[in-house]
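The structure under discussion appears below in the form of structure tokens.
Residue numbers start from 1 in every chain, and the chains themselves are labelled A, B, ... in the order their sequence lines are given, proteins ahead of strands.
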Amino acid sequence: MRIVVGMSGGVDSSVAALLLKREGHEVIGVFMNNWDEKDDTGVCTAERDWADVRRVCDQIGIPYYAVNFQREYMDRVFSHFLEEYRRGRTPNPDVLCNREIKFSALKDFAQKLGAEKLATGHFARTDAAEGRARLLLSADPDKDQTYFLYMLSQPQLKMARFPVGDMTKAEVRAVAREAGLRTSEKKDSTGVCFIGERNFRAFLKTYLPAQPGEIRDVDGRVVGRHEGLMYYTPGQRRGLGIGGEGGRWYVVDKDLARNVLVVDQRADSPRLYSAESRLEAATWIAGAPPVSPGQWLCVRARLRHRQALQGARILVDGGDVLVRFDRPQRAVTPGQSTVFYRADECLGGGIVTR
RNA sequence: UGGGGUGUAGCCAAGCGGUUAAGGCCCGGGGCUUUGACUCCCGUAUGCGCAGGUUCGAAUCCUGCCGCCCCAG
């Protein structure tokens, strides 16, 4: 079977390619260059990553390509990312990136190459039940990445392969090491996918105008000034610049109408906790909601990557979802995604509106 | 003007004659992390408003000056 592997230059996708090759498939490595800019330290990590991809593919003995989806990334991911920040929300570009770039633009490219499957180094698993593809938690609970994949559709998931999904990170590195892959000890990448680790405030500042304003406590007293609401997100404590007595301050709210950042010194401020949340733009892996309209469904949910799964009940209302948590959740953040699970299966999720 | 109080790092704040001046916040660096956050670890005053003096030794005592705060008038 001809399979394209999306290769980042990291150890996970390197091993993904290696395993598929060992299975006897006709494997083609494809490296994506979606962001042409040096990082904060002046290094263009994409060049080094591309060099690693070439080297690894040579070691494995597979052909490789580099593709440039900068235009697609800008139009379909980054523009939305900026728009969300402009609206005062805190977006997650990587969930969109998977749907719009890796499993769309790259998927199209793979199909042009005649590939039947598109593999990546994601820590996630899939299986098929009654003609439908399912997305399942990875074997390594610490590295599970289904949170970033919840927007995938049936066609996208049916073409996807995740060769390292049933391995632990340690096992992946061990395989890479034994095969002598140069990426075996490479540090895991972080930051926005393709963009990398950034001084976020400075990064945003180059794209969006900032409007400074007051910082007030929950009683309305002015306790400082902010540089622009978009630089802050609920639950955040660093970067507020408020010294003095009483300890740390946490962002508990953003008053967009008044351009006021609301803060509290209680880490467990009641303003930070929500027993309920509402989502929009819900998507379901199965292609349809897992429950009939008007009926509550018991699920597990996570509001951010790597968060332990939380008990909740959901009510689907068209593209919206009402979520009631078993336990109040801290810093439910508009723009972020809430993703649902039943047992090990990822059901889908949506974007938090409140 | 008189009386009282007070001046320790960017912000709070211990210290009240004797090891290298607590701690918290902010900030910086690192760890964790394919979003943003949270969290964890490490670091940050040769100097205590200024100038003298007492003392073996002063942020700590004394004198003067300067700056704030409060009460009188």
Side-chain angles (χ1 to χ4, degrees), chain A residues 6-13 32 34-35 39-41 45 49 73 77-78 80-82 84-85 87-102 120-124 138 140-151 162 164 169 172 186-201 203-204 208 215 217 223-226 229-252 254 263 265 267-269 272-273 302-308 329-339 349 351-352:
Chain A
M7 300 187 69
S8 64
V11 62
D12 302 333
S13 54
M32 284 180 286
N34 300 336
W35 192 259
D39 67 15
D40 289 338
T41 57
T45 53
D49 290 335
Y73 187 81
V77 177
F78 201 71
H80 179 267
F81 169 82
L82 293 180
E84 286 286 273
Y85 268 112
R87 294 173 58 194
R89 311 214 300 189
T90 307
N92 181 336
D94 291 347
V95 295
L96 262 188
C97 178
N98 282 314
R99 184 178 73 186
E100 300 295 332
I101 305 298
K102 292 173 188 165
T120 67
H122 281 106
F123 280 89
S138 71
D140 189 334
D142 291 328
K143 299 300 294 185
D144 177 69
Q145 292 172 317
T146 52
Y147 180 80
F148 296 108
L149 298 170
Y150 83 92
M151 282 187 174
F162 305 121
V164 303
K169 184 76 186 193
V172 170
K186 196 167 173 180
K187 190 180 185 303
D188 292 5
S189 65
T190 56
V192 176
C193 201
F194 298 118
I195 296 177
E197 203 76 62
R198 298 293 180 143
N199 176 328
F200 218 74
R201 196 174 294 190
F203 179 69
L204 273 185
L208 294 174
I215 300 178
D217 68 12
V223 294
R225 292 192 60 78
H226 71 256
L229 289 183
M230 64 182 171
Y231 300 134
Y232 310 86
T233 196
Q236 177 175 339
R237 84 172 179 88
R238 307 210 65 175
L240 299 179
I242 310 172
E245 64 176 334
R248 305 166 169 179
W249 292 87
Y250 294 86
V251 174
V252 298
K254 296 164 80 168
V263 298
Q265 286 186 293
D268 60 346
S269 175
L272 265 180
Y273 283 83
R302 60 165 49 119
L303 292 76
R304 44 180 57 83
H305 179 47
R306 283 172 53 82
Q307 180 191 25
Q329 296 296 304
R330 184 177 189 274
V332 176
T333 305
Q336 290 284 292
S337 290
T338 295
V339 179
I351 307 294
V352 173

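- Electrostatic pairing of A:D188 and A:K143 counts as a salt bridge here, judged by a charged N lying under 4.0 Å from a carboxylate O.
- Residue A:E245 has its side chain nearest to B:C12 when only B:U34, B:G36, B:C12 are considered.
- Nucleotide B:G43 has B:C27 as its partner under the Watson-Crick or G-U criteria, with both atom distances under 3.5 Å.
- Among pairs with a residue in residues 87-101 of chain A, those fulfilling salt bridge (charged side-chain N to carboxylate O under 4.0 Å, His left out) read A:R76-A:E100, A:E84-A:R87, A:E84-A:R89, A:R89-A:E280, at least two apart in sequence or across chains.
- Under the Watson-Crick and G-U wobble criteria, each requiring two contacts below 3.5 Å, nucleotide B:G17 is left unpaired.
- Base engagement by A:T333 is indicated by at least one non-hydrogen atom pair under 4.0 Å involving a base atom.
- With a cut-off of 3.5 Å on both Watson-Crick or G-U wobble distances, the partner of B:G2 is given as B:C71.
- Syn is the glycosidic conformation of B:C38, whose angle stays within 90° of 0.
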Completion exercise
Protein heavy-atom contacts under 4.0 Å, written 5' to 3' over nucleotides 25-32 of chain B as B (base), S (sugar-phosphate only) or - (none), form the string BSBB---S
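- As rounded to the nearest Å, B:C70 and B:G24 have C1' atoms that lie 28 Å from one another.
- Among the protein residues, A:Y85 comes within range of the sugar-phosphate backbone only, with heavy atoms under 4.0 Å from sugar or phosphate atoms but none that close to a base.
- Across all strands shown, B:G7 forms a Watson-Crick or G-U wobble pair with B:C66, both key distances being under 3.5 Å.
- The residue A:D142 sits apart from the nucleic acid: no heavy atom pair falls under 4.0 Å.
- Across B:U35, B:U33, B:A37, the shortest atom-to-atom separation from the side chain of A:K143 is found for B:U33.
- With salt bridges taken as basic N to acidic carboxylate O contacts below 4.0 Å, one links A:K169 and A:D12.
- Among the heavy atoms of the strands lying under 4.0 Å from A:Y250 are primed sugar atoms or P, OP1, OP2 only; no base atom is included.
- Contacts of A:P234 with the nucleic acid, taken as non-hydrogen atoms under 4.0 Å apart, involve only primed sugar atoms and P, OP1 or OP2.
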